[in-house]
Q: 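Let me give you the structure first, and then I'll get to my questions.
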There are 2 protein chains.
Amino acid sequence: MIKISEYTVRRLSTYRRILEELLADRIDVVSSAQLAELSGTNPAQVRKDLSYFGNFGKRGSGYRVEVLCQRIRSILGIEGTWRVVLVGAGNLGTALFSYKDFSRHGFQIVAILDSDPEKTGQTWDGVEVSPVKDAERVVRKTKAEVAIVSTPAVSAQSVVDRLVAAGIRGVLNFAPCKLEVPAQVELRNVNITIELEGLSFAMRSADEAAK
Amino acid sequence: MIKISEYTVRRLSTYRRILEELLADRIDVVSSAQLAELSGTNPAQVRKDLSYFGNFGKRGSGYRVEVLCQRIRSILGIEGTWRVVLVGAGNLGTALFSYKDFSRHGFQIVAILDSDPEKTGQTWDGVEVSPVKDAERVVRKTKAEVAIVSTPAVSAQSVVDRLVAAGIRGVLNFAPCKLEVPAQVELRNVNITIELEGLSFAMRSADEAAK
DNA sequence: CGCTGTGAATGTATTCACAGCG
DNA sequence: CGCTGTGAATACATTCACAGCG
């Protein structure tokens, strides 16, 4: 089994979104050229990405939208539902909780943790906000497998350690810090400051070039 | 002038954060090995990244934390302040507005746009929420250079077109869609669903491997 | 004929390994 | 001697170009 790069996986995710849009538009068949155009890449890349997983297309015509979409959902492992614990019920946590896009696509928030006694005990849309000290119990009870961390940087590592101990297998980290997790636990970081500083660098470089 | 890769720029941003933490801890000097350890990369990478911009280190000892931090801030173009317009004052927009981390590091929200008449006219912490129809006027008046887009996917492109027409030079897009901007406008995308699906793929792959 | 699927070629990023300075 | 700075080597990702199928 050859190793699939993270770049390929990210593009698959993009193809999936586009295929669902095509599906909604009652488009039946799509070529690698069209899919490339819509996702901002090139046809060879699309075909190469898909070829790692099988021969999904039909020569001469292209890919059946519905079939390909279902296949990608299966490859990504989002046919079923992942159970998510949201850690940190501040502004960002609230925003993520009410962000319905990923809840529609296989990620269901089943528990919320926060350290603020004002918040713990509340119920958001049927989901209880529990104190961080109950992290292990809550993860086990709800069978959460994924954690979304939107706590301040200082508290992130300690709560992640406890989630991992309780059996969490994937972490999406919004806190601006490096998290240590065991190799068998998957980790992705989203860091808004890095993105903004990347923009800043590019804008500044454009200024230099213009001089 | 050689081209700097986006990967290098992202790491510079990470180094900057760590250097500021070291600075707060009154650490004077740091080696590429230490910086690599703290940022999750390797010493050669750190030295290579920095070498694109000059010779900042001292052989035998390492890098002066304060000097290096200042140099990186300058390279990233975050010595001054970038003026930001926040587009979309929903849950995510609210979270981003109150997220003080990047406002502390050179990005200041000077305007907010939203299409909801309930929100327009409000003032958040001294910043007025204006209707999207006034986009051009607001961007020009506030001299905003960067836009953070946290609208629904369907409205993102049309408002970005208008921001670009009004002179915006950088866009950080949180809407789950592809945005078209002219080549001279910088664009970064943050897509939470892609990150979650990446986690899902990796967790699922781990399951396969275990069988 | 039009498209996919893919080995080969290219382009890009990372890592090695060591010369050279403080 | 310990570290940086860097060309050379390697690893990895993308793109080309075409054989082959529907």
Side-chain angles (χ1 to χ4, degrees), chain A residues 1-15 18-19 22 27-72 75 194 198 201-202 205, chain B residues 1-15 18-19 22 27-72 75 194 198 201-202 205:
Chain A
M1 191 62 188
I2 86 159
K3 161 97 160 44
I4 305 300
S5 90
E6 200 173 307
Y7 303 95
T8 290
V9 178
R10 300 177 77 92
R11 284 187 299 264
L12 286 178
S13 196
T14 303
Y15 304 152
I18 289 165
L19 289 165
L22 292 175
I27 311 274
D28 257 21
V29 175
V30 70
S31 68
S32 60
Q34 294 169 310
L35 202 41
E37 167 68 23
L38 292 165
S39 55
T41 182
N42 67 54
Q45 184 77 80
V46 170
R47 297 199 299 275
K48 179 72 91 179
D49 286 337
L50 297 175
S51 77
Y52 294 129
F53 303 96
N55 297 5
F56 305 139
K58 190 183 278 188
R59 288 164 203 245
S61 55
Y63 303 86
R64 299 253 348 260
V65 172
E66 189 168 3
V67 173
L68 185 57
C69 188
Q70 187 44 52
R71 289 304 211 116
I72 293 180
I75 291 163
I194 288 179
F201 176 82
S205 300
Chain B
M1 193 59 187
I2 87 161
K3 162 105 158 39
I4 304 300
S5 91
E6 198 172 310
Y7 303 95
T8 290
V9 178
R10 299 177 78 90
R11 284 188 298 266
L12 286 178
S13 194
T14 303
Y15 304 152
I18 289 166
L19 289 165
L22 293 175
I27 311 274
D28 257 23
V29 174
V30 69
S31 68
S32 60
Q34 293 169 309
L35 201 43
E37 167 67 24
L38 292 166
S39 56
T41 182
N42 68 55
Q45 184 77 82
V46 171
R47 296 198 301 272
K48 180 73 88 179
D49 286 338
L50 297 176
S51 76
Y52 294 129
F53 303 97
N55 298 5
F56 306 139
K58 189 183 280 187
R59 290 168 201 241
S61 55
Y63 302 86
R64 297 250 355 255
V65 172
E66 190 167 3
V67 173
L68 185 57
C69 188
Q70 188 43 50
R71 289 303 210 116
I72 294 179
I75 291 163
I194 288 180
F201 177 82
S205 301

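Just so we're on the same page: letters track the sequence lines, and every chain starts at 1.
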Q: Write down the distance between CG (B:Leu35) and P (D:dC3), rounded to a whole number of angstrom.
A: 14 Å
Q: Using a cut-off of strictly less than 4.0 Å, decide whether B:Ser32 has a side-chain nitrogen or oxygen near OP1 or OP2 of D:dT4.
A: yes
Q: Check A:Pro43 against A:Ala36 and note the closest heavy-atom contact, atom names and distance.
A: N-CB, 3.4 Å
Q: Take atom CD in B:Glu66; do more than 12 heavy atoms of anything else shown fall under 6.0 Å from it?
A: no
Q: Please answer whether the main-chain N or O of A:Arg10 pairs with a side-chain N or O of A:Thr14 as donor and acceptor at a distance below 3.5 Å.
A: yes
Q: Who is the Watson-Crick or G-U wobble partner of D:dG7, with both distances under 3.5 Å?
A: C:dC16
Q: Within a reach of under 6.0 Å around CD of A:Gln34, are more than 12 heavy atoms found that belong to other residues, nucleotides or ligands?
A: yes
Q: Across all strands shown, which nucleotide pairs with D:dC21 by Watson-Crick or G-U wobble geometry, both distances under 3.5 Å?
A: C:dG2
Q: Which residues in residues 65-72 of chain A have at least one heavy atom lying under 4.0 Å from any atom of DNA chain D?
A: none
Q: Given atom CD of B:Glu6 and atom C1' of C:dA13, what is their separation to the nearest angstrom?
A: 13 Å
Q: Is a donor-acceptor contact shorter than 3.5 angstrom present between the side chain of A:Arg59 and the base of C:dG2?
A: no
Q: Taking only side-chain nitrogens and oxygens of A:Arg47, does any of them come within less than 4.0 Å of OP1 or OP2 of D:dT15?
A: no
Q: Tell me the closest heavy-atom pair linking A:Ile4 and A:Val9, and the distance in Å.
A: CG2-CG2, 3.9 Å
Q: Is there a side-chain contact between A:Thr8 and B:Phe201 in this structure, where contact means two heavy atoms from C-beta onward sitting under 4.5 Å apart?
A: no
Q: What is the distance, rounded to the nearest whole Å, between atom OH of B:Tyr63 and atom P of C:dG22?
A: 14 Å
Q: Send over the distance from B:Asp49 CG to C:dT14 C1', rounded to a whole Å.
A: 10 Å
Q: On DNA chain D, nearest-nucleotide positions of B:Ala44 versus A:Thr41: which is more 5'?
A: B:Ala44
Q: In whole angstrom, what separates A:Phe56's CZ from D:dG22's C1'?
A: 18 Å
Q: Look at the side-chain N and O atoms of A:Tyr7 and state whether any lies under 4.0 Å from the OP1 or OP2 oxygen of C:dA13.
A: no
Q: Can you tell me how far C1' of D:dC12 sits from NZ of A:Lys48, to the nearest Å?
A: 12 Å
Q: Separation of B:Ile2 atom CD1 from D:dT6 atom C1', in whole Å?
A: 11 Å
Q: Check every atom of C:dG5, D:dT15, D:dG5 against the side chain of B:Asn55 and return the nucleotide holding the closest atom.
A: D:dG5
Q: Which whole-number value in Å describes the distance from B:Tyr52 OH to D:dG7 P?
A: 11 Å
Q: Has A:Arg11 got a side-chain N or O lying under 4.0 Å from the OP1 or OP2 atom of D:dT14?
A: yes
Q: A:Val30 and A:Leu35: which non-hydrogen atoms are nearest, and at how many Å?
A: CG2-N, 4.0 Å
